[in-house]
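In this text, all values refer to a predicted model and were calculated from it rather than measured experimentally.
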Protein chains: 2
Amino acid sequence: MVRRTKEEAEATRIQLLDAAERCFREKGVASTTLDDIAKSAGHTRGAVYWHFENKADIFEAVCERVSTPMQAMLSDLAADPGNDPLGYLRNDAIHVLRMLAECERVQSVFEIKFCKLDGGPDFDRLRSRELETHTRCLSMLEVVFAAAVRQGQLPAHLPPKETAEAMHAFIGGLMRSWIERRDFDLRARAPWLVDTFLTGLRNAPDPTAYA
Amino acid sequence: MVRRTKEEAEATRIQLLDAAERCFREKGVASTTLDDIAKSAGHTRGAVYWHFENKADIFEAVCERVSTPMQAMLSDLAADPGNDPLGYLRNDAIHVLRMLAECERVQSVFEIKFCKLDGGPDFDRLRSRELETHTRCLSMLEVVFAAAVRQGQLPAHLPPKETAEAMHAFIGGLMRSWIERRDFDLRARAPWLVDTFLTGLRNAPDPTAYA
DNA sequence: TTATACAAACAGACGTGAATGTATATTTTC
DNA sequence: GAAAATATACATTCACGTCTGTTTGTATAA
C-alpha cells in the first residue's frame with residue numbers, strides 16, 4: 001500500500017494521531033513506542049516517519065488538536081468583560097469545565113498531559129509554551145479581578161496575585177480530580193462549584209488581618 | 001571498595017535514594033537511567049542492583065520517605081474532630097500546605113509525582129496505592145464535613161461528595177500551582193487561602209436551586 | 001585468641017533485546 | 001517520468017538484567 005491520494009495521506013496522518021492519542025493514554029508517553037502507534041493505526045513506522053519527525057513531534061501535534069479551544073477561551077477572557085466582570089469570569093470557568101466534561105478528545109489530551117507525561121528532556125519546547133500559557137492565564141485573571149473590584153463586585157482587600165492563583169488552582173484541581181476519578185457529575189455541578197468558590201471571594205476575610 | 005560495615009551500607013542506600021530523587025526531579029523518571037543514579041551517587045550499578053530490584057522499586061522507596069508524614073496527616077483527619085470539625089479541618093489543610101512549603105524533600109517528591117512521572121506499566125502497584133489514598137482522603141473529608149453540618153458550622157444543603165471533591169481539588173491545585181511556579185508565599189498565605197475557601201462553603205448557594 | 005569459612009556489599013564485564021533513525025525498495029498519482 | 005507516500009530492511013545505540021569477581025566484615029570453632 002503506497003502513494004495514496006492527497007486526501008488518503010491526510011487520512012493516515014489523522015489515523016496516526018488518533019492512534020498516538022490512544023497509546024499515550026493507555027501506556028503513557030514514554031512507554032509508547034513508534035511501532036505501537038504505527039501498528040495501532042494499521043500502518044508501519046515508515047508512515048510515521050514520513051508525517052512526523054519523532055515522538056515529541058507527534059505529541060505536539062496531538063496536543064495542538066485541542067489547544068485551539070483552550071486558546072479561544074483565553075482570548076475570551078482577554079476580551080472586554082463589560083460591566084459584569086465577575087459574571088463574565090463565572091461563565092468562562094463554567095465553560096472550561098463543561099468543555100472538559102463534554103469533549104472526549106479534550107479529556108484524552110488532558111489525561112495525557114496530567115498523568116501520562118514524563119518531564120523528560122524532549123518536550124522542552126512544549127513545556128515552555130505551557131508555562132507561558134499558564135502565565136498569560138494568571139495575568140488575565142488578575143486583570144478581570146481588578147475590574148471586578150473596581151465595579152464593587154469583590155472586596156478591595158483581595159490580594160491580586162493570590163486570588164488569581166487560587167482561582168486557577170481551584171479550576172485546575174477540579175479538572176484533574178475529575179479526570180482521575182470521574183466520580184461526580186462535573187457538567188451538572190460546574191455552576192454550583194464555581195459559584196461556591198466565588199462566594200468565598202466575595203466574603204473573603206481581610207488578608208491584612210493575618211499578621 | 002567493598003563490604004562496608006552495616007552503617008556504611010545503609011549510608012550508600014541513602015546516597016542512592018538521594019541521587020535518584022535528584023535525577024528524577026531533573027530529568028524525569030523515564031529518562032533517568034540506573035547508571036545516572038549510580039554515577040550521581042558516586043557508585044556503580046552494582047550497588048543499585050544490590051539494594052533495589054529495578055527503577056520502580058527505587059521510585060517507591062523514594063516516595064515512601066515522605067509518605068509517612070502525609071499518612072500521619074490523614075490519620076489526624078480521621079481522629080475525633082471534637083466540637084469544632086471545621087476548625088480542625090482548617091488547621092489540617094494549613095498544615096498540609098505549610099509542610100509542602102517548608103520541607104524540601106516533600107517538594108521534591110511532589111514535583112516528581114506531579115510533573116515527572118509517566119504513567120507507564122511499571123508503577124502500577126504504586127498508582128493503585130495512590131488511588132486508594134486519594135479515596136480514603138475524600139471519604140474522610142466527607143465525614144468531617146458531615147460533622148460540621150451537624151454542628152451547624154456549614155449549611156445542610158451542601159452536597160457531601162462534591163464538597164469534599166472541591167476541597168481536595170482546591171488544596172491539591174494550590175500545591176501543584178505552587179510547585180510549578182513558586183510565585184507566591186504559600187506559607188504566609190495558607191491561612192487566608194483556606195479561610196477564603198471555607199467562607200465560600202459557609203455561604204454556598206443551595207445546589208437544589210440549580211435545576 | 002586466632003584461623004577459617006562464609007556471606008555481605010559492592011564493582012565491572014557481558015549478553016540481549018528493543019527502539020531509534022536512516023536508507024532503500026516499491027508503487028501509484030500527477 | 002518525477003516525486004509523493006508508504007513498506008521494509010538495516011545499522012547503531014543504549015539501557016537493562018545477570019553473572020562473575022573481589023574484597024572485607026563477621027561468626028564459628030578449634
Side-chain angles (χ1 to χ4, degrees), chain A residues 1-20 22-24 26-62 116-125, chain B residues 1-20 22-24 26-62 116-125:
Chain A
M1 249 158 288
V2 281
R3 181 47 180 157
R4 320 290 187 46
T5 168
K6 270 254 194 283
E7 299 78 32
E8 283 176 315
E10 179 59 22
T12 70
R13 192 189 128 93
I14 292 181
Q15 288 165 20
L16 288 174
L17 287 178
D18 288 343
R22 283 195 305 271
C23 293
F24 288 161
E26 287 170 15
K27 321 175 27 176
V29 176
S31 312
T32 294
T33 169
L34 298 186
D35 193 56
D36 289 337
I37 297 175
K39 285 239 175 69
S40 173
H43 292 267
T44 68
R45 275 171 51 245
V48 172
Y49 274 103
W50 174 256
H51 286 281
F52 307 97
E53 291 191 10
N54 48 36
K55 205 202 284 185
D57 191 32
I58 300 178
F59 183 71
E60 290 192 32
V62 166
K116 308 294 185 176
L117 181 57
D118 183 87
D122 324 322
F123 316 117
D124 274 350
R125 202 170 56 216
Chain B
M1 250 156 291
V2 283
R3 180 50 177 155
R4 321 286 186 47
T5 168
K6 270 255 194 282
E7 297 78 31
E8 284 175 313
E10 179 59 21
T12 70
R13 191 190 129 94
I14 291 181
Q15 289 166 20
L16 289 173
L17 287 179
D18 288 341
R22 283 195 305 271
C23 293
F24 287 161
E26 287 171 15
K27 321 177 22 177
V29 176
S31 311
T32 295
T33 168
L34 297 187
D35 194 55
D36 289 336
I37 297 175
K39 286 239 176 68
S40 174
H43 292 265
T44 67
R45 277 171 51 248
V48 172
Y49 274 104
W50 173 256
H51 286 281
F52 307 97
E53 291 191 12
N54 48 36
K55 204 202 286 183
D57 192 31
I58 300 178
F59 183 71
E60 290 191 32
V62 167
K116 310 292 187 177
L117 181 58
D118 181 86
D122 323 323
F123 315 117
D124 274 350
R125 202 171 54 216

Quiz item: Looking at residues at least two apart in the chain, or sitting in another chain, which of them share a ring pair (Phe, Tyr, Trp, His ring centres under 6.0 Å) with A:F24?
Solution: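 Testing A:F24 for ring pair (Phe, Tyr, Trp, His ring centres under 6.0 Å), a comparison that skips the adjacent residues, returns A:F59.
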Quiz item: Would you say C:dA9 has OP1 or OP2 under 4.0 Å from some side-chain N or O of B:T12?
Solution: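 Checking C:dA9 against B:T12, no side-chain N or O comes under 4.0 Å of OP1 or OP2.
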Self-check item: Short side-chain N/O contact from B:H51 to OP1 or OP2 of C:dA9, under 4.0 Å
Solution: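 No, no such contact exists.
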Quiz item: Does A:K27 come within less than 4.0 Å of A:D36, counting only side-chain N to carboxylate O?
Solution: yes
Quiz item: Does B:K116 come within less than 4.0 Å of B:E26, counting only side-chain N to carboxylate O?
Solution: no
Find the distance [X]:[atom1] to [N]:[atom2] and express it as a whole number of Å.
X: A:E10; N: D:dA4; atom1: CD; atom2: C1'; answer: 14 Å
X: A:W50; N: D:dT8; atom1: CH2; atom2: C1'; answer: 16 Å
X: A:I58; N: C:dA19; atom1: CD1; atom2: C1'; answer: 13 Å

Quiz prompt | Under 4.0 Å protein heavy-atom contact, by nucleotide of nucleotides 13-20 of chain D - B base, S sugar-phosphate only | solution = --SBBB--
Quiz prompt | Spacing of SG belonging to A:C23 relative to NZ belonging to A:K39, to within rounding of 0.5 Å | solution = 11.0 Å
Quiz item: Are side-chain N/O atoms of B:H43 and B:T12 paired as donor and acceptor at under 3.5 Å?
Solution: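 Absent: no donor and acceptor within the cut-off.
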Quiz item: Between A:D57 and A:E53, which heavy-atom pair has the shortest distance, and what is it?
Solution: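 It is OD2-N, 3.0 Å.
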